[in-house]
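The structure appears below as structure tokens.
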Number of protein chains: 2
Amino acid sequence: MSINTNPEWNSFGNPNNKNEVFPDDLKYTIKNYGKNILIFRQGDLCDALNILVSGSVKTEMITENGNLLGIEIISAPRPLAPAFIFSDNNRFPVDVTTLEECEILRIPKDEVLRLMSVQPDFMRQFLTHNANRTQFLTNRLQLLSIKTIKGKIAHFLLEQTSLQGNPFVIKRNQTELADFFGVARPSLARSLSEMIEDNIIEVNKKEYRILNSKKLRDLLV
Amino acid sequence: MSINTNPEWNSFGNPNNKNEVFPDDLKYTIKNYGKNILIFRQGDLCDALNILVSGSVKTEMITENGNLLGIEIISAPRPLAPAFIFSDNNRFPVDVTTLEECEILRIPKDEVLRLMSVQPDFMRQFLTHNANRTQFLTNRLQLLSIKTIKGKIAHFLLEQTSLQGNPFVIKRNQTELADFFGVARPSLARSLSEMIEDNIIEVNKKEYRILNSKKLRDLLV
DNA sequence: TTTTATGTGTAACAACTGTTACACTTTAAA
DNA sequence: TTTAAAGTGTAACAGTTGTTACACATAAAA
């Protein structure tokens, strides 16, 4: 899930996008920051849409590819915590620090509301972006609420096979998978080995095949 | 009959909302369901805003009070999975089953978009509702990604003390807390005992006091 | 008050996962 | 091809959590 593969980000949050024409009278400010500057602190009021126009920042939160509590690196162009502007407790959930020189476009909350009324495309993109984020979070939460490693593997493999069929290819290596699940790499390897031993799955390099989907589903409990 | 004659139809679970008046030409449908009917299936296309107007349904998802994988019971009035209408993969994440006779107001996606353009208050509520949901999910995810029980306790207590001061009161009993953390009750009790033994916290019935916030913070790692 | 239900503290043990270490394989680079 | 780096399989052991069981405390109901 890189910024380049997420189509929503190409339009939303990029002021140079041709499809997204901001009105001339839009009130906004642009701020420039140097390297290694703490630009938002956890708990700061979030009363504007902050779009990272250039540069990159890091936050300590769940990462886009789902790794746990890792340091997320956000590269321009992307909005910063857009979902939080409109929440009742509209405060930044994490610290945000620049990694290089950054330019941030700041549109006040009221202007965002006006923009959405005036620009259906903007509204649609805003909604889609947040909807995708919510879906992502929901999915991660489902995965995390499964306690056992085999259960997590089962959840993930069943999801993949419903998308790709059987057999299917998983791009991540074992270390990345372990991070994704939030478990230790040798523990993941052990669980995989046991599942192979039990003839539930078959693994060849990055190709996985489900041999016994009933047993696999039983592991979800 | 106008759509505005029933005050409960103000969406987003806020029946006291006087500012939300639907336009008379709004396209919508109303569906009635009997008891124990599967009304949405996991994977069903979600191309409309479905508002539960009366009755109650259950889903198997994270609950509003945060318990894991419990069966969430949703009582009217509340929107059903409003965040998913606008996601790229706009499908229901779970099964939804009626618990009693239910009435569901269904507004097509395009009409929702129009409604938002026409009705700033509706848009604001839609945005706020989803923002709050995202914030809730983010917070749960943060809590769940902490591996140790003491870490979860620390996270929770530090959050509570920032809201309520020190000492503070926690309404949930031990069993409910354990469910909230997704751990076994005796395990939670053991961890609490050890933290009390280590003079990190003090507990009297439902009143908690932090004695050593540095040590408490160390447990977050 | 007595009775009953609910909530809490704790122990012994099982089960699972993490840590560390190392051999081996595969892939990429020189 | 040779060499280095990255990835995988596995074992021994430590650490944490879950399970089950039961005593006791507290609160609610009769």
Side-chain angles (χ1 to χ4, degrees), chain A residues 65-70 143-157 167-209 215-216 218-221, chain B residues 65 67-70 143-157 167-209 211 215-216 218-221:
Chain A
N65 45 18
N67 294 343
L68 295 181
L69 280 188
L143 186 63
L144 271 185
S145 38
I146 298 171
K147 302 283 171 37
T148 64
I149 296 183
K150 287 182 184 176
K152 291 172 203 271
I153 295 173
H155 176 92
F156 181 73
L157 295 184
F168 50 92
V169 172
I170 293 178
K171 286 179 186 168
R172 299 174 216 246
N173 63 31
Q174 234 181 49
T175 306
E176 290 165 344
L177 256 190
D179 284 345
F180 182 67
F181 291 147
V183 302
R185 205 271 310 164
S187 302
L188 176 65
R190 172 173 46 203
S191 293
L192 278 172
S193 293
E194 288 171 9
M195 290 167 77
I196 293 168
E197 181 65 25
D198 294 345
N199 289 313
I200 300 176
I201 58 172
E202 207 177 66
V203 182
N204 267 320
K205 316 261 169 147
K206 308 214 162 187
E207 185 187 274
Y208 292 69
R209 183 192 299 269
K215 278 191 186 174
L216 195 60
D218 288 344
L219 293 173
L220 286 176
V221 183
Chain B
N65 46 19
N67 293 345
L68 293 184
L69 278 189
L143 185 63
L144 274 183
S145 35
I146 298 172
K147 302 283 173 36
T148 64
I149 296 183
K150 288 183 185 175
K152 291 172 203 272
I153 296 173
H155 176 92
F156 181 73
L157 295 184
F168 50 92
V169 172
I170 293 177
K171 285 179 188 170
R172 300 176 217 245
N173 63 31
Q174 233 179 50
T175 305
E176 290 165 343
L177 256 189
D179 284 345
F180 182 66
F181 291 148
V183 301
R185 204 271 309 163
S187 303
L188 176 64
R190 174 173 44 205
S191 293
L192 278 172
S193 294
E194 289 171 7
M195 290 166 77
I196 293 167
E197 182 64 25
D198 294 344
N199 289 314
I200 300 176
I201 58 173
E202 206 176 65
V203 182
N204 267 319
K205 317 259 171 151
K206 308 213 162 188
E207 186 188 274
Y208 292 69
R209 183 193 299 270
L211 300 176
K215 278 191 186 173
L216 196 60
D218 288 343
L219 293 175
L220 286 176
V221 183

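Letters A, B, ... mirror the listed sequences (proteins, then strands); counts begin at 1.
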Considering all heavy atoms of both residues, which atom of A:Leu216 and which atom of A:Ala154 are nearest to each other, and what is their separation?
O-CB, 3.4 Å
Overall bend of the helix from C:dT1-D:dA30 to C:dA30-D:dT1 (five pairs an end, 10° steps) is 40°
Rounded to whole angstrom units, what separation is found between the CD atom of A:Glu197 and the C1' atom of D:dG9?
13 Å
Which class fits the ring pair B:Phe168 and B:Tyr208: parallel under 30°, tilted 30 to 60°, perpendicular over 60°?
parallel
When rounded to the nearest 0.5 Å, the distance separating OG of A:Ser193 from CG of A:Asp198 is 10.5 Å
Rounded to whole Å, how long is the line connecting atom CD1 of A:Ile153 with atom C1' of C:dT17?
12 Å
Can you name the nearest heavy-atom pair linking B:Arg172 to B:Phe180, along with the distance?
NH1-CD1, 3.5 Å
Quick check against the 3.5 Å criterion: does A:Asn173 have a side-chain atom that pairs as donor or acceptor with the backbone of A:Thr175?
yes
Provide, to the nearest angstrom, the distance between the CD1 atom belonging to A:Ile146 and the C1' atom belonging to C:dC16.
16 Å
Out of D:dT8, C:dT10, C:dG7, minimum distance to the side chain of B:Asn173 belongs to C:dG7
Spacing of CD1 belonging to A:Ile200 relative to CG belonging to A:Asp218, to within rounding of 0.5 Å
8.5 Å
Report the distance from atom CG of B:Asn204 to atom P of D:dA25, rounded to the nearest whole Å.
16 Å
Is the phosphate of C:dG9, meaning OP1 or OP2, less than 4.0 Å from a side-chain N or O of B:Gln174?
yes
Smallest separation among heavy atoms of B:Lys147 and A:Gly182, with atom names
CE-O, 3.0 Å
How long is the line joining CD1 of A:Ile196 and P of D:dT8, in whole Å?
12 Å
May I have the distance from A:Phe181 (atom CZ) to C:dC16 (atom P), rounded to whole angstrom?
18 Å
Which heavy atom of B:Ile146 sits nearest a heavy atom of B:Lys152, and at what distance?
O-NZ, 3.1 Å
With distance as the sole test, does A:Lys206 use its side chain to make a donor-acceptor pair with the main-chain N or O of A:Ile170 at under 3.5 Å?
no
Within this structure, what is the CG-to-P distance between A:Asp179 and D:dT8, rounded to whole angstrom?
12 Å
Contact list (N/O, under 3.5 angstrom) for nucleotides 13-17 of chain D vs protein:
| from | atom 1 | to | atom 2 | distance (Å) |
| --- | --- | --- | --- | --- |
| D:dT17 | OP1 | B:Ile149 | N | 2.7 |

Interatomic distance, A:Leu188 CG vs C:dT19 C1' [rounded to whole Å]
15 Å
Suppose we call a contact any N or O donor and acceptor under 3.5 Å apart; does that hold for the side chain of B:Arg185 and the base of D:dG18?
no
Would you tell me if any nitrogen or oxygen in the side chain of B:Lys205 comes within less than 4.0 Å of OP1 or OP2 on C:dG7?
no
